[in-house]
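What follows is a set of notes on a single structure, which appears directly below.
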There are 2 protein chains.
Amino acid sequence: MKTRKGEQTRALILETALELFRERGYDDTTMRAIAERAGFALGNAYYYFGSKEHLVQGFYARVHRDQLAACQPVLEKERGLKARLLGVLDAVLITIEPYHRFAGTLFKSAADPQSPLNPFSRESEPVRLESISLFAEVLENSNVKVPSDLKAELPYLLWLYHMGIVLFWIHDNSPGQSRTRRLMELTADLVVKLIKLASSPLMRPLRQTTLRLLATLKE
Amino acid sequence: MKTRKGEQTRALILETALELFRERGYDDTTMRAIAERAGFALGNAYYYFGSKEHLVQGFYARVHRDQLAACQPVLEKERGLKARLLGVLDAVLITIEPYHRFAGTLFKSAADPQSPLNPFSRESEPVRLESISLFAEVLENSNVKVPSDLKAELPYLLWLYHMGIVLFWIHDNSPGQSRTRRLMELTADLVVKLIKLASSPLMRPLRQTTLRLLATLKE
DNA sequence: GTACATTATTGAACATGTTCAAAAACTTTG
DNA sequence: CAAAGTTTTTGAACATGTTCAATAATGTAC
């Protein structure tokens, strides 16, 4: 039956939750507070979201949507790899910025291999794949040529790199997370140089060894 | 006053906790169960350990002590860097093996920047510094020569590498965590080769750039 | 040994995530 | 529209981490 009424309540609960997450962080946002502000009984929140953590999956999806939108202009205009990469990273940081306080305690659960919030988990797969394909896009329409063996794995590697930046951002307490931005600039440059270096025919043997290692890791 | 009685109770509670962690994992070990099996009232556990997480600091200290002991023979005998490195990694894996189930849910908290369990936190500093100095030892008495600029940072980098291995181990559900052992072999070889490569005078400029980046990251 | 101080221990209370059976609201069917 | 079925909502109950004031045990000083 899945009526419109349900969808509305569901959306309202998620909105309220994100609002409270921004205001007080994860731990200090109680399920009771969410239910109360949304105007429902406690149990109702659990009808739509199986647990507090499931609310965070909603957060992921929401944030990814906003990131896509935020980096579109740059990806349409720019062709240089570094500029495109920075465009995406910039979009990511801008989108998650209001949630900095929230992100710390969130990553609690995210690091647990059993948790559905883990970026490598099956539950996170949809968002993860979408995110990886965004980096494929970054690469695809840039003016940098990479050999096909590397090209296949590079989007995933760039996604990993981007996760590293986000991890650093979480720990970054400098005003406005300025250190993360510095890191972003420095490493983006390095990453692009490294890609060009690794693409050289001279590097083929080392490149293939490394790619094989990577394949082993991914099962 | 800090009498012997107190120390005994404290030790008993920690022992019981580790026992239960091994048996049922972290989440399924309730503070009540620990208190009950140790033969005390619930509140008493909190007299000695401020929270459930504080019990984990006890786990860290204990495990580090065992690791030191386990790798001592290899460090006294071997001089080759790869063998010494593998000796330590092997000791680490052997020591934490009974806690594999526990480690997953544990790293929940460990990833939270605010949590005292975070390996980078101030509370973890004592154990962290001891662990880093173990890698200094690995390097110091090996037969590999590294330039002094690199030598200063290398123990920390090796510690990071070792944390990466442990992180992989946590996620590794292959029987006996055999994939982690394969990864260990492969990467230890790579790491040693990389160290030798980075030590070459030709690599000085790139090495220094990278070290400067690292310094920036560490504040 | 008695009085005092410190350390250990208890048990009850509280907050919060989660579950669930029952009630209410809504939709479909005849 | 009434009956039957489905979705939504409620409120009370439960488990567990945590706190705290009260009590017991232990040590110290005279």
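Keep in mind the model is a prediction, meaning the values are calculated, not measured. In the text below, chain A, chain B and the rest are named by the order of the sequence lines, each starting its count at 1.
The distance from atom CG of B:Leu158 to atom CZ of B:Phe135, rounded to the nearest 0.5 Å, is 6.5 Å. The structure places CD1 of B:Ile195 at 12.5 Å from NZ of B:Lys82, a figure rounded to the nearest 0.5 Å.
The cationic atom of B:Arg128 (NZ for Lys, CZ for Arg) does not lie both less than 6.0 Å from the six-membered ring centre of B:Tyr156 and within 45° of the ring axis. Judged by the 6.0 Å and 45° rule, A:Lys52 forms no cation-pi pair with A:Tyr46.
End-to-end axis angle of the helix from C:dG1-D:dC30 to C:dG30-D:dC1, from C1' rotation axes over five pairs per end: 10° (rounded to 10 degrees).
Under 4.0 Å is where a charged nitrogen must lie from a carboxylate oxygen, and between B:Glu19 and B:Arg24 no such pair does. Using a 4.0 Å cut-off between charged side-chain N and carboxylate O, A:Glu15 and A:Arg62 make a salt bridge. In this structure, A:Glu185 does not pair ionically with A:Arg182, as no charged nitrogen and carboxylate oxygen lie closer than 4.0 Å.
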Open item on the list: Please encode protein proximity along nucleotides 11-19 of chain C as a string of B, S and -, counting only heavy-atom distances under 4.0 Å.
Closed with: B-B--BBBB
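Straight-line distance from the OH atom of B:Tyr47 to the P atom of C:dT6: 12 Å, rounded to whole Å. Rounded to whole Å, the distance from CD on B:Gln8 to P on D:dT26 is 12 Å.
Side chain of A:Gln177 to backbone of A:Asp172: a donor-acceptor contact under 3.5 angstrom is found.
Here B:Phe40 lies in heavy-atom contact (under 4.0 Å) with sugar-phosphate atoms only.
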